[in-house]
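Have a look at the structure below before the remarks.
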There are 2 protein chains.
Amino acid sequence: MATSTVENYLKHMLLLSEGGEELVSMGALAEALAVVPGTVTTMVKALADSGHVEHRPRQGVRLTPAGRRVALNVLRKHRLVECFLVNVLKMDWAAVDTEAEQLEHAISDEVLDRLDALLGHPETDPHGDPIPSRQGKLDSQVYATLATCVVEKPLRIIRITDQSAEFLLFVEQNGLLPGESVRVTERNLASGLVTAKKTAGRPLALSLAAAGKILIQPAR
Amino acid sequence: MATSTVENYLKHMLLLSEGGEELVSMGALAEALAVVPGTVTTMVKALADSGHVEHRPRQGVRLTPAGRRVALNVLRKHRLVECFLVNVLKMDWAAVDTEAEQLEHAISDEVLDRLDALLGHPETDPHGDPIPSRQGKLDSQVYATLATCVVEKPLRIIRITDQSAEFLLFVEQNGLLPGESVRVTERNLASGLVTAKKTAGRPLALSLAAAGKILIQPAR
DNA sequence: CTCCTTACTTTGATTAGTCAAAATAAACGT
DNA sequence: ACGTTTATTTTGACTAATCAAAGTAAGGAG
Ligand SMILES: [Mn+2]
Ligand SMILES: [Mn+2]
Ligand SMILES: [Mn+2]
Ligand SMILES: [Mn+2]
């Protein structure tokens, strides 16, 4: 069995390569895993030996099909656990990522399947992040964000791509949860400010950086 | 935070001293944890340094109040998780011990509290094992067993003190679950056989060793 | 009392995962 | 093209947890 350290390495590689086939840089991986770069080099060489990754020295690293399989399974556990914590245990959506970070390594495939059934086979977690299917298919659709969308068109919020408790709390308190309707009333590149407005609410100012973490779709 | 290894050592010390204040032998701990005795000696000395246990060289080891506190919290997690797996996820009661062995180290106190509420604050797990209270109180009542009880009196099954899947499966298939009514029709010390009979069922033969793992109470 | 058995402890080695700091390679700017 | 910056790799050391095997202490059996 893969240790939880190995599972974390593989999962973060998957997240950092977001669908595509690009190489993940050692630095980015070190940053994501909160370890020093030398540690990543060492671990990646071990993961290459065990056939989970392909290591291109001084360029980066890429998951093999075997490594991707493991990573998808861990990510599926992570996101289904988040669903469980929010929908069944009624926990705060800002707190569940930390919990799931541990639980993703502790639940068996058997428990995973039963959780999935209990929850009614959800396709996204509470943050709108897509849940890999049991067969290992992961939705990789690319969405616009509040920083890139057209102004004044009605939008639907799809996903929040920042798991930090602070940001999620901010999003929640301003009613920008996945599923909500919103539109951008103004975007000023010079000041770096975006103004968003819910159908029945006062305008809300966001930095471009923050707006870029809120994925949207044109309202149907 | 205590590592999961430390949590396992402390939990098993608690289980091996069953309520009382007796010293736990190093050999028994090694057996329970499936490690060699030398490993236990080393770990116990470290646990003594961290104030979790008191080590009497060549005699045994005992939990300090601090160590007992940790152990009770882990045991509470273990048994509540078992309840969840059986009552909510409908898993087989013979399989949940293995699952809980991992999960007991991965769930936070916050999740623990919410699970407890979801399950309606149960007092025992699916095997009849008492669940330590949030305040650290553990029921230490001593029960008779099918090997020690009086013959022909009506009994109620309270608890099964063997977590092995084989034994639990056997118990389940013969309807000896906690809560069921039963009586001992015969006990032969020479042959080491006990015969038990449910109100509406044919007689069942058990070894004294097996009968001793089934705790009972006189039916009310 | 002496020897033996048994449980326990010690010692030395191993594996997984990590960091600090030095070494190296590639890219980059002038 | 040359020196500089930056990312990556290497090296040496450390912690937690483990085992194998050798050493030691106590408690009987005679
Ligand atoms: Mn994790
Ligand atoms: Mn999420
Ligand atoms: Mn455990
Ligand atoms: Mn149990």
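A, B, ... follow the sequence lines: proteins, then strands. Residue 1 opens every chain.
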### Query
For the atom pair CD1 (B:I214) and CD1 (B:I160), what is the distance rounded to the nearest 0.5 Å?
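So the gap between those two atoms works out to 5.0 Å.
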### Message
Can you tell me if B:H55 touches the phosphate of C:dC8, counting only side-chain N or O atoms and a distance under 4.0 Å to OP1 or OP2?
### Response
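It does not, given that no N or O in the side chain of B:H55 lies less than 4.0 Å from OP1 or OP2 of C:dC8.
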### side chain to side chain contact (heavy atoms under 4.5 Å, CB included) evaluation trace for A:Y9 with A:L33
CA-CA 7 Å; A:Y9 273 79; A:L33 291 159; 3.4 Å; yes
For the pair made of [atom1] in [X] and [atom2] in [N], what is the distance, rounded to whole Å?
{"X": "B:D49", "N": "D:dA17", "atom1": "CG", "atom2": "P", "value": "13 Å"}
{"X": "A:L47", "N": "D:dT9", "atom1": "CG", "atom2": "P", "value": "13 Å"}
{"X": "B:H12", "N": "D:dA17", "atom1": "NE2", "atom2": "C1'", "value": "17 Å"}
{"X": "B:R56", "N": "C:dA7", "atom1": "CZ", "atom2": "C1'", "value": "18 Å"}
{"X": "A:E31", "N": "D:dT8", "atom1": "CD", "atom2": "P", "value": "12 Å"}
{"X": "A:K45", "N": "D:dT10", "atom1": "NZ", "atom2": "C1'", "value": "7 Å"}
{"X": "A:M26", "N": "D:dT10", "atom1": "CE", "atom2": "C1'", "value": "12 Å"}

### Message
If we count only N and O atoms by modelled type, under 3.5 Å, do the side chains of B:E54 and B:T64 hold a donor and an acceptor together?
### Response
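No.
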### Query
For residues 112-123 of chain B, which residue pairs qualify under side-chain hydrogen bond (donor to acceptor under 3.5 Å, both in side chains), counting only residues two or more places apart or in two chains?
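Only B:R76-B:D116, B:E110-B:R114, B:D113-B:R134, B:D116-B:H121 qualify under side-chain hydrogen bond (donor to acceptor under 3.5 Å, both in side chains).
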### Query
Run the salt bridge (Lys or Arg N to Asp or Glu O under 4.0 Å) check on A:K77 and A:E82 step by step: do they pass?
CA-CA 8 Å; A:K77 284 174 184 173; A:E82 285 189 348; over 6 Å; no
### Task
Produce a footprint string for nucleotides 13-26 of chain C: one letter per nucleotide, 5' end first; B if the base is under 4.0 Å from any protein heavy atom, S if only the sugar-phosphate is, - if neither.
----SSBS---BS-
### Message
Tell me which pairs pass ring-ring contact (aromatic ring centres under 6.0 Å, His included) where either residue lies in residues 65-118 of chain A, with sequence neighbours left out.
### Response
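Listed once each, the pairs are A:F84-B:F84, A:W93-A:H127.
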